[in-house]
Amino acid sequence: MAEMFDRIAPKYDFMNRFLSAGIDVSWRKKAIKRLKADNPKTILDIATGTGDMAILACRILNPDKIEGIDISVQMLDLGKKKIEKEGLSNKIRLQIGDSEAINFAPDSFDGGMVAFGVRNFENLEKGLTEIYRVLKPGAQLVVLEFSKPKTWGMKSLYNLYMKIVAPKMAGWVSQNKEAYDYLCESAKAFPERQEFVNILNKTGFSDTSFKPLSLGICCIYTGRKK
């Protein structure tokens with residue numbers, strides 16, 4: 001898995017903007033704003049990739065510290081360059097880390113966030129349990145993830161885009177169609193909406209909810225550590 005993300009790292013940010021027509025930036029901002037009322041000072045960004053969520057969270061929330069973890073060295077290297085360019089190296093630290101074995105003490109963070117990463121957890125429940133462990137009591141987790149639209153017309157367009165259009169465009173631009181085939185398949189297989197909320201509940205989170213965005217092609221999920 002890490003090797004695959006290392007291969008697509010150089011084109012990853014461009015492909016996110018390109019394949020979502022730039023809407024993913026708006027989704028990320030909306031997800032981060034769910035944390036604003038909590039005024040978190042320490043935030044864990046799981047599956048941080050190239051640090052997009054961490055950088056946006058710094059701008060919107062102005063925390064004292066954001067720790068970003070990811071399994072891809074190449075993604076993290078690109079993220080560190082972006083963070084340095086933004087002048088945020090004193091606030092954001094990126095490091096190698098596995099969601100299923102998070103290298104932080106219990107009750108370490110005021111908030112947690114995952115953008116388009118939970119679908120790649122090898123063991124979803126184990127990963128969520130680990131996130132729960134490192135959050136402080138009362139801290140909120142915000143998850144942003146693709147979902148399948150429910151209306152017939154939008155559902156048909158979404159399936160056509162995800163199965164045919166997106167992988168072909170990704171292949172043309174990144175020369176790694178197989179990796180984006182995998183990303184589309186993982187999005188398709190993800191236990192979305194109430195099913196994912198049920199897993200959040202099962203792993204200990206309370207006050208759980210989901211909110212569809214952009215006619216249901218993406219959802220924001222939230223939950224709190226009891």
Side-chain angles (χ1 to χ4, degrees), residues 1 5 16 19-20 23-24 26-38 40 43-49 52-53 56-57 68-71 97-102 109 111-152 154-155 158-159 161-163 166 180-226:
M1 182 77 73
F5 282 102
N16 280 341
L19 294 176
S20 71
I23 301 172
D24 71 295
S26 172
W27 294 339
R28 292 171 194 270
K29 289 178 179 178
K30 288 178 180 178
I32 290 166
K33 286 176 181 177
R34 292 297 186 96
L35 292 167
K36 196 163 190 177
D38 297 345
I43 301 171
L44 179 63
D45 183 20
I46 304 99
T48 188
D52 276 356
M53 283 291 280
L56 281 175
I69 62 171
D70 201 280
I71 60 172
D98 187 342
S99 63
E100 295 174 26
I102 298 174
F109 296 96
M113 54 190 188
V114 194
F116 309 113
V118 291
R119 71 179 187 272
N120 298 315
F121 287 8
E122 189 172 338
N123 185 318
L124 181 57
E125 290 187 20
K126 187 175 180 182
L128 292 173
T129 300
E130 269 291 272
I131 295 170
Y132 187 92
R133 178 184 66 81
V134 300
L135 292 179
K136 294 178 181 178
Q140 186 177 193
L141 170 67
V142 176
V143 174
L144 187 62
E145 194 54 81
F146 287 113
S147 65
K148 295 180 280 293
K150 300 304 179 187
T151 59
W152 182 86
M154 192 63 191
K155 187 175 181 180
Y158 175 86
N159 288 336
Y161 184 78
M162 292 297 280
K163 290 179 181 178
Y180 283 90
D181 282 341
Y182 163 77
L183 294 176
C184 290
E185 286 302 313
S186 65
K188 181 180 176 182
F190 180 69
E192 59 176 28
R193 302 194 183 205
Q194 189 58 48
E195 190 178 353
F196 182 65
V197 167
N198 291 342
I199 296 172
L200 285 172
N201 292 331
K202 184 179 178 181
T203 52
F205 288 94
S206 62
D207 299 328
T208 51
S209 68
F210 74 90
K211 178 180 176 58
L213 303 174
S214 301
L215 300 176
I217 62 176
C218 184
C219 282
I220 298 173
Y221 300 90
T222 57
R224 288 188 183 276
K225 183 169 181 174
K226 295 177 183 176

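No hydrogens, no waters, no symmetry mates; every other heavy atom, side chains included, goes into these values. Everything numeric in this text was worked out from a predicted model, so none of it was measured.
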Atom NZ of residue position Lys33 - does it have more than 12 heavy atoms of other residues, nucleotides or ligands inside 6.0 Å?
no
Side chains of Thr48 and Asp70: any donor to acceptor distance under 3.5 Å?
no
pair Cys219-Arg193: side-chain heavy atoms closer than 4.5 Å:
yes
Donor-acceptor check, side chain of Arg224 to backbone of Ser206, threshold 3.5 angstrom: yes or no?
no
How close do Leu135 and Gly111 get, counting heavy atoms only, and between which atoms?
CD2-C, 3.6 Å
Which heavy atom of Pro40 sits nearest a heavy atom of Leu35, and at what distance?
CD-O, 3.2 Å
So does Lys226 get a backbone contact from the side chain of Tyr132, meaning a donor-acceptor N/O pair under 3.5 Å?
yes
So which pairs with a foot in residues 198-207 pass salt bridge (Lys or Arg N to Asp or Glu O under 4.0 Å), sequence neighbours left out?
Glu125-Lys202
Criterion side-chain contact (heavy atoms from CB on, under 4.5 Å) on Met53 and Ile32, from CA distance to verdict:
CA-CA 8 Å; Met53 283 291 280; Ile32 290 166; 3.7 Å; yes
For the pair Lys225 (side chain) and Gln140 (backbone), establish whether a donor and an acceptor sit closer than 3.5 Å, ignoring hydrogens and angles.
no
Could you tell me if the side chain of Phe121 sits less than 4.5 Å from the side chain of Ile131, heavy atoms only?
yes
With rounding to the nearest 0.5 Å, note down the distance linking CD1 in Ile199 to CD in Gln194.
10.5 Å
Contact summary for Val114 and Ala47, nearest pair of heavy atoms:
CG1-CB, 4.3 Å
Can you find a heavy atom in the side chain of Lys136 that is under 4.5 Å from one in the side chain of Phe109?
no
Between Glu100 (side chain) and Glu122 (backbone), is there a donor-acceptor pair under 3.5 Å?
yes
Side-chain heavy-atom pair Leu56, Lys29 within 4.5 angstrom cut-off:
yes
Over 60° means perpendicular and under 30° means parallel, so classify the ring planes of Phe210 and Tyr221, tilted if in between.
tilted
How close do Leu124 and Pro191 get, counting heavy atoms only, and between which atoms?
CD2-CG, 3.7 Å
Could you grab the distance from atom CD1 of Ile23 to atom CG of Leu213, nearest 0.5 Å is fine?
10.5 Å
Check: Glu145 and Cys218 side chains under 4.5 Å, non-hydrogen atoms
no
Ile217 CD1 to Leu215 CG distance, which is reported to the nearest 0.5 Å:
7.5 Å
Between the side chain of Glu130 and the main-chain N/O of Ile102, is any donor-acceptor distance below 3.5 Å?
yes
Take Thr222 and Leu200 through the side-chain contact (heavy atoms from CB on, under 4.5 Å) test and state the conclusion after the steps.
CA-CA 9 Å; Thr222 57; Leu200 285 172; over 6 Å; no
With side chains defined as the heavy atoms from C-beta onward, is the minimum distance between Arg28 and Leu144 less than 4.5 Å?
yes
Heavy atoms only: give me the nearest Phe205-Leu128 pair and the separation to one decimal.
CE1-O, 3.7 Å
Taking C-beta and beyond as the side chain, do Asn198 and Thr208 meet within less than 4.5 Å on heavy atoms?
no
Tell me, please, which residues at least two apart from Lys126 pass salt bridge (charged side-chain N to carboxylate O under 4.0 Å, His left out).
none
Heavy atoms of Ser147 and Glu192 approach each other most closely as CA-OE1, 3.1 Å
Donor-acceptor pair, distance only, cut-off 3.5 Å: does the side chain of Arg34 make one with the backbone of Ile220?
no
